[in-house]
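Take a look at the structure below.
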Amino acid sequence: MNVKLAETAGFCFGVKRAVDMVNEQIATGKKPIYTYGPIIHNEQVVSDFERQGVSQIPEGSDLSSLEPGIVIIRSHGVSRQIKEDLEAKGFEIVDATCPFVLKIHRAVEKYSREGYFILIVGDPKHAEVCGIIGWICGERYAVIQNEEDAKNFSLETGEKICIVSQTTHNFNKFQELVEIIEQKGYDVIAMNTICNATEERQREAASIASMVDAMIVIGGRNSSNSQKLYDICREACENTYFVQTKEDLSMSALQSFDCIGITAGASTPNYIIQEVQRECLK
Ligand code: SF4
């Protein structure tokens, strides 16, 4: 079996930075250490940190029931309110929010203060989008996910709108939605806040998927960028499989293919990618 592994598979800059920050805090020996929500969307990485004594503060928890300690903010970021609440309760904050996400926080804060309506292209339930919403001043915002949402969106003609995107959104789809909004006669500032890591990964995944007989996408169940990779690969290659680890591989299904491509989401550790690759080469 011929296996082609994507060069962009695995940790992106922001995820590597967040994981390194947790390891640095563990190395200090200070306790207790928490992460606000899962530090990244990968169950294996989160469980590994739990074994080393790092607990998760579930979203919306009662902070007063916890012993104050170090809290590492996840790479997806949190709202201003959550940061302020943690500080007020005496937690020491280590901010692992990816700098590309922080850039969106600063943009929505600035433009909402200047009277712009904020339009976010992304998944309204995703932690990154919830964090972004939490930096908008006021309530003038909406989240759109698809063409239908963009077509149904309406404000007074001439309104000022700032459009940003969840960092992991599909670049082409973002552009399509921006064009639909621009045609409605608003004063639009569209900021392409999709990070390069995502774009490059998506482009390479699509290219490999178009050349192979089957494609494997490795990622966490809750990882938005991994799910998007799956969708992109599925468009180019109908035999696309989503796995979290090598245990999910169906080798009987894969053995009928001559050439298999592998890519992985930005929160997938290298050792899991290598295990999947080795399994396919057996
Ligand atoms: S995908 Fe991009 S924005 Fe998200 S954590 Fe990685 S580098 Fe940061």
Side-chain angles (χ1 to χ4, degrees), residues 6-25 35-46 49 56 59 72-79 82-83 93-109 118 120-135 143 145 163-175 190-206 217-233 242 244 263-270 272-273:
E7 285 176 16
T8 51
F11 280 0
C12 62
F13 152 77
V15 166
K16 181 175 182 311
R17 179 174 170 272
V19 168
D20 287 348
M21 284 166 100
V22 178
N23 281 321
E24 278 162 24
Q25 291 305 317
T35 62
Y36 195 87
I39 186 77
I40 61 172
H41 279 154
N42 186 279
E43 286 172 22
Q44 288 70 30
V45 173
V46 170
F49 282 143
Q56 253 189 76
E59 193 97 25
I72 304 156
I73 305 283
R74 62 195 175 200
S75 51
H76 293 122
V78 294
S79 67
I82 289 174
K83 261 185 139 174
I93 293 181
V94 174
D95 194 351
T97 308
C98 177
F100 298 130
V101 177
L102 279 178
K103 196 173 130 197
I104 307 177
H105 292 178
R106 298 292 90 85
V108 299
E109 191 177 19
I118 306 294
I120 304 167
V121 177
D123 173 357
K125 294 198 199 88
H126 191 277
E128 181 188 317
V129 173
C130 298
I132 294 168
I133 291 170
W135 289 89
V143 183
Q145 295 198 80
I163 311 178
V164 294
S165 173
Q166 186 177 343
T167 52
T168 48
H169 207 77
N170 179 290
F171 176 66
N172 293 335
K173 288 196 177 142
F174 172 72
Q175 283 202 317
M191 302 179 72
N192 171 12
T193 50
I194 297 170
C195 93
N196 283 344
T198 306
E199 268 183 65
E200 284 164 12
R201 194 178 302 258
Q202 291 175 351
R203 206 174 303 127
E204 192 192 15
V217 178
I218 316 166
R221 211 192 319 267
N222 299 319
S223 161
S224 150
N225 77 86
S226 306
Q227 287 295 338
K228 293 253 161 54
L229 276 181
Y230 172 81
D231 294 343
I232 288 167
C233 292
F242 189 91
Q244 294 205 89
T263 189
S267 45
T268 309
N270 264 340
I272 293 183
I273 299 171

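Residue numbers run from 1 in the order of the sequence given. Worth knowing before you read on, the calculation uses all heavy atoms, side chains too, and leaves out hydrogens, waters and symmetry mates. First listed ligand is number 1; within each ligand, the first listed atom is number 1.
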Completion exercise
Nearest non-hydrogen contact to atom 7 (S) of ligand 1 from the set Gly265, Gly14, Pro99 belongs to Gly14

Handout entry: Arg106 with Glu109: basic N within carboxylate O range, under 4.0 Å
Key = yes

Exercise for the section: Give a yes-or-no answer on whether the side chains of Thr167 and Glu128 include a donor-acceptor pair shorter than 3.5 Å. Expected result: yes

Exercise for the section: Could you tell me whether Arg74 and Glu59 make a salt bridge, using a distance below 4.0 angstrom between a side-chain N and a carboxylate O? Expected result: yes

Problem - Nearest non-hydrogen protein atom, atom 2 (Fe) of ligand 1 - result: Cys195 SG, 2.3 Å

Problem - Test item: side-chain donor near acceptor, Thr168 and Thr198, under 3.5 Å - result: no

Fill in the blank from the handout: One finds that the ligand 1 atoms under 4.0 Å from a non-hydrogen atom of Cys98 are 3 (S), 5 (S), 7 (S), 8 (Fe)

Problem - Whether Trp135 and His105 hold their rings parallel, tilted or perpendicular, with breakpoints at 30° and 60° - result: parallel

Practice task
Around atom 4 (Fe) of ligand 1, find the nearest protein heavy atom and jot down its residue, atom name and distance.
Solution key: Thr167 OG1, 3.8 Å

Exercise for the section: May I ask you to identify the nearest protein heavy atom to atom 6 (Fe) of ligand 1, giving residue, atom name and distance to one decimal place in Å? Expected result: Cys12 SG, 2.2 Å

